[in-house]
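See below for the structure under consideration.
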Amino acid sequence: MNEARIQGDRLARTGAFEWLARAGLASRGVVYAVIGVLALKLALGDGGKATNQQGALRTIADRPFGKTLLVLVAIGLAGYAVWRLVRAALGHGPEQGDSGTDRIAALASGIAYAILCVTAVKILAGASTGSGTPKKATGGVLDWTGGPLLVGIAGVVLIGVGGYQGYKGITTKFLEDAKTEQMSSEVRRVFTALGVFGHVARAVVFTLIGYGLIRAAIDYDPDKAVGLDGALLQLANASYGPWLLGLVAAGLIGFAAFSLAEARYRRV
């Protein structure tokens, strides 16, 4: 165990590890940019659509030179997943340490982005990736003993994640992870604005997804469960939907730009 930790510490302090982390942040930005642009076009009535991370990867693949770009995104997603999982295991990187909460969040995001990387590889290989919808997954869990409770807990957790994202955005807590000392005053203002706008937009989306899971658990109806694409559609269909969707879409684009800026300034 000690030997494994020593090797992990060595990995965390290498230049290659830092490069993977920064490539991963950039790839996260690309994925959110695609989601945000498509949602903004939908809000403007310009032929866009509500999609999730998997749909964003398929959209990238369908563009000219898309397969090449998707290969680069997949490498970045793999790097992001490795970075987050190593941080979860070690509790630190070469530039900062993590609290217990940070390590749990790193584990969850590491697993999520590892799955997303696998999806990108499947798309590149021409395999189908459309089987794991939130409704099917929720429907299966609802049939378990205690399934509605588990789905409800998952919904509460996601609302909690949304709340934390909103807290990070409103209080600018994300600046604690950034090399603000290397920024000019203008760069810091732009970086802060993108972070606030992007985190609040993510908070809205996570809260809607969590709310859908809680409704599915209470009503024993998996059709109430939604993913990122479903949450965006809910905004589109609400009163003042195009305006709300447009704001959230702009926020997601802002988070994409923030992710690209983090690729430069994040303490890894």
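The figures that follow rest on heavy atoms only: side chains count, while hydrogens, waters and symmetry mates do not.
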Euclidean distance, [Y] [atom2] relative to [X] [atom1], rounded to 0.5 Å:
X	Y	atom1	atom2	value
Leu175	Lys168	CG	NZ	10.5 Å
Thr119	Gln53	OG1	CD	9.5 Å
Leu77	Ile115	CG	CD1	12.0 Å
Ser109	Ile104	OG	CD1	12.0 Å
Thr68	Leu124	OG1	CG	9.5 Å
Leu233	Leu245	CG	CG	8.0 Å

[X] and [Y]: which non-hydrogen atoms are nearest, and at how many Å?
X	Y	value
Pro148	Ala217	O-CB, 3.2 Å
Gly29	Ala256	O-CB, 3.1 Å
Ala81	Gly110	CB-O, 3.5 Å
Leu70	Ile123	CD2-CG2, 3.7 Å
Ala50	Leu42	N-CD2, 3.8 Å
Phe197	Leu247	CZ-O, 3.7 Å

Following the transitive rule for hydrophobic clusters with a side-chain heavy-atom cut-off under 4.5 Å over Ile, Leu, Val, Met, Phe, Trp and Tyr, establish whether [X] and [Y] coincide in one cluster.
X	Y	value
Leu57	Val71	yes
Ile253	Ile35	no
Met183	Phe174	yes
Val196	Val205	yes
Ile159	Val204	no

### Query
So Trp83 and Leu20, side chain to side chain contact (heavy atoms under 4.5 Å, CB included) or not? Walk me through it.
CA-CA 7 Å; Trp83 171 52; Leu20 283 173; 5.9 Å; no
> Just wondering, are more than 12 heavy atoms of other shown residues or ligands nearer than 6.0 Å to OH in Tyr220?
Replying inline: yes
- Query: What do you reckon, is OH of Tyr211 surrounded by more than 12 foreign heavy atoms closer than 6.0 Å?
  - Reply: no
- Task: Could you walk me through whether Val156 and Leu213 pass the side chain to side chain contact (heavy atoms under 4.5 Å, CB included) test, one step at a time?
- Result: CA-CA 8 Å; Val156 171; Leu213 287 176; over 6 Å; no
Practice problem: Evaluate the criterion side chain to side chain contact (heavy atoms under 4.5 Å, CB included) for residue pair Val157 and Ile153; output intermediate values, then yes/no. | Solution: CA-CA 6 Å; Val157 169; Ile153 290 173; 4.2 Å; yes
Is any side-chain heavy atom of [X] less than 4.5 Å from a side-chain heavy atom of [Y]?
X	Y	answer
Arg22	Arg264	no
Arg266	Leu25	yes
Val37	Leu252	no
Thr51	Arg58	no
Tyr265	Arg188	no

- Query: Aromatic ring centroids of Phe258 and Phe191 under 6.0 Å?
  - Reply: yes
Could you check whether Arg28 and Tyr80, counting side-chain N and O atoms only, form a donor-acceptor pair closer than 3.5 Å?
yes
| Run the side chain to side chain contact (heavy atoms under 4.5 Å, CB included) check on Arg103 and Leu107 step by step: do they pass? | CA-CA 6 Å; Arg103 294 177 74 174; Leu107 177 62; over 6 Å; no
query = With distance as the sole test, does Arg202 use its side chain to make a donor-acceptor pair with the main-chain N or O of Val161 at under 3.5 Å?
reply = no
